[in-house]
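Letters go in sequence order (proteins before strands), and every chain restarts at 1.
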There are 2 protein chains.
Amino acid sequence: MADRERWGFELPLLLFAGFRSLIDQLHAELADHGHPELRPVHGFAMQAVGRDGVTASELGRRLGVSKQAAGKTVDRLAALGYAERVSDPADARRKLVRLTPRGQDALVLSGAVFEELRGRWADRLGQERLTELEDALETVVGPAAFGLDAAGWFGD
Amino acid sequence: MADRERWGFELPLLLFAGFRSLIDQLHAELADHGHPELRPVHGFAMQAVGRDGVTASELGRRLGVSKQAAGKTVDRLAALGYAERVSDPADARRKLVRLTPRGQDALVLSGAVFEELRGRWADRLGQERLTELEDALETVVGPAAFGLDAAGWFGD
DNA sequence: CTAGAATGGTCAACGTGGTTGTCGAAAAAA
DNA sequence: TTTTTTCGACAACCACGTTGACCATTCTAG
């Protein structure tokens, strides 16, 4: 919306503002639908757990944090009723982390909200410009974009 | 780079990956130029302090955190040699936080690195598509993009 | 088969950055 | 002048990350 020259420092600010606006709206929506306690970090963790469950060590690898940190996140998720630990009969060392129905619900709901939010961006920009934006971003960040390793990047 | 239909959840991931890639490269560069201790949160805080200095309370307002949290950040910045507190002769309650020369250096360096990084994106995308991306983001996030309130969003 | 290495989970201590609540001193407003 | 507001600090606490250590179990070589 400006043909003025842009500063380099605006780019990260714009990206962050976009990201944050989506995440903030997601969590406002989640809070309105029975999940007020969920934080962004929990969403990432649940996404990494997935439908099949995962061990705490593997979760740590997927999220790019130590297994201890992953274990703590699972503790919180479990305390909030979103995940549970199940012993693995095939390997007495492992404890599978699985999403509870509540956790699955939150994940499904998040997916729906993200679709809705993308729709709003499409209304604002037009499908064309939105796709352009996504493609441009994918060009510069590459497939790394879909790694969930957001270590330490999330808070309230 | 894909004419397939995109999922809503990809958008925040792409934005975050872009943001993070810039910030990570910035701090790698800063570390290589004598500022290995700086964290993203410090950059935001120093930006908010600016050339004129600011009180801890005002800093908190600018960053969207409590004055206590802002005070702690100033403590950390001061311990690292990037900021200092100066008593305000005109108001005995206030203590002006100011950047030290080291702090100013880091800020100037950051600005230069961001220009360089934007240049790399321009090489990849072309000036046209980069400007399109910036404009599209500004359209959806509005002027709010340039608020520095990133409460709790930063870590390592 | 058994000894050693690798893996998984947990405990402890700690660092950083956030929150509230409280408080006294100083300034501003009534 | 009295009351209210503001500023900076202290304390207690929470969330989320880190290392290091440890034990139990499983895998892998010899």
Side-chain angles (χ1 to χ4, degrees), chain A residues 20 24 27 36-46 48-49 53-80 82-98 148-156, chain B residues 20 24 27 36-46 48-49 53-80 82-98 148-156:
Chain A
R20 182 166 181 184
D24 284 355
H27 283 276
E37 310 270 29
L38 277 183
R39 298 282 164 256
V41 63
H42 301 142
F44 269 59
M46 287 195 290
V49 170
V54 77
T55 65
S57 291
E58 173 59 22
L59 180 60
R61 267 174 244 127
R62 291 188 190 175
L63 296 174
V65 301
S66 66
K67 61 180 182 176
Q68 294 93 329
K72 283 192 195 182
T73 299
V74 172
D75 288 344
R76 274 160 231 131
L77 241 26
L80 294 172
Y82 290 94
E84 59 185 355
R85 285 190 171 92
V86 193
S87 290
D88 183 344
D91 184 338
R93 290 172 307 179
R94 310 174 83 217
K95 288 186 186 164
L96 253 256
V97 179
R98 279 192 322 208
L148 263 7
D149 61 318
W153 282 96
F154 293 100
D156 256 26
Chain B
R20 182 168 179 182
D24 284 355
H27 283 277
E37 310 271 30
L38 277 183
R39 299 281 163 254
V41 63
H42 301 142
F44 270 60
M46 288 195 289
V49 170
V54 77
T55 65
S57 292
E58 173 59 23
L59 180 60
R61 265 173 247 127
R62 290 188 191 175
L63 295 174
V65 302
S66 65
K67 59 181 182 174
Q68 294 92 331
K72 281 193 195 182
T73 299
V74 172
D75 288 344
R76 183 106 192 92
L77 241 27
L80 293 172
Y82 291 93
E84 58 186 355
R85 286 190 171 90
V86 193
S87 290
D88 182 344
D91 185 337
R93 291 171 307 178
R94 292 158 49 100
K95 288 189 185 160
L96 253 256
V97 178
R98 279 193 320 207
L148 263 6
D149 61 317
W153 282 96
F154 293 101
D156 258 24

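Under the salt bridge (charged side-chain N to carboxylate O under 4.0 Å, His left out) criterion, A:Arg85 pairs with A:Asp75, sequence neighbours left out. With sequence neighbours excluded, no residue forms a side-chain contact (heavy atoms from CB on, under 4.5 Å) with B:Ala56. Residues passing the salt bridge (charged side-chain N to carboxylate O under 4.0 Å, His left out) test with B:Arg94, sequence neighbours excluded: B:Asp88. Among residues two or more places apart in sequence or in another chain, the salt bridge (charged side-chain N to carboxylate O under 4.0 Å, His left out) test is passed with A:Glu84 by A:Arg98. Residues passing the side-chain contact (heavy atoms from CB on, under 4.5 Å) test with A:Leu80 are A:Glu37, A:His42, A:Tyr82, sequence neighbours excluded.
In this structure, of D:dT26, D:dA9, C:dG9, it is D:dT26 that holds the atom nearest to the side chain of A:Ala92. Listed nucleotides: C:dG9, C:dA27, D:dG17. Nearest to the side chain of A:Val41: D:dG17.
Of the side-chain N and O atoms in A:Arg94, none sit less than 4.0 angstrom from OP1 or OP2 of D:dC27. OP1 or OP2 of D:dG8 sits under 4.0 Å from a side-chain N or O of B:Ser57. When the side-chain nitrogen and oxygen atoms of A:His42 are compared with OP1 and OP2 of D:dC16, one or more of them lie within a distance under 4.0 Å. Side-chain N/O atoms of B:Arg61 include none lying less than 4.0 angstrom from OP1 or OP2 on D:dT6. Contact annotation: B:Arg39 side-chain N/O to C:dT16 OP1/OP2 distance is not under 4.0 Å. Put simply, A:Arg85 has a side-chain N or O that comes within less than 4.0 Å of OP1 or OP2 on C:dT10.
The distance from the NZ atom of A:Lys95 to the OG atom of A:Ser57 is 12.0 Å, given to the nearest 0.5 Å. Remark: A:Lys67 NZ to A:Thr55 OG1 distance equals 10.0 Å, nearest 0.5 Å.
When the nearest nucleotides of DNA chain D are assigned to A:Arg93 and B:Ala56 by heavy-atom distance, the more 5′-ward of the two goes with B:Ala56.
Atom CG of B:Leu80 and atom P of C:dG17 are 9 Å apart (whole Å). Atom CG in B:Asp91 sits about 8 Å away from atom P in D:dG8, given to the nearest Å. Taking atom CD of residue A:Glu58 and atom P of nucleotide C:dG8, one finds them 8 Å apart after rounding to whole Å. If you measure from atom CG of B:Leu59 to atom P of D:dA9, you get 13 Å, rounded to the nearest angstrom. Rounded to an integer number of Å, the gap from B:Leu63 CG to C:dT16 P is 18 Å. What separates CG of A:Leu96 from P of C:dT7 is a distance of 18 Å, to the nearest Å. Remark: P of C:dA26 and NZ of B:Lys95 are 11 Å apart, rounded to the nearest angstrom.
Of the residues in residues 66-75 of chain B, those placing a heavy atom less than 4.0 Å from an atom of DNA chain C are B:Ser66, B:Gln68, B:Ala69, B:Lys72, B:Thr73, in numerical order.
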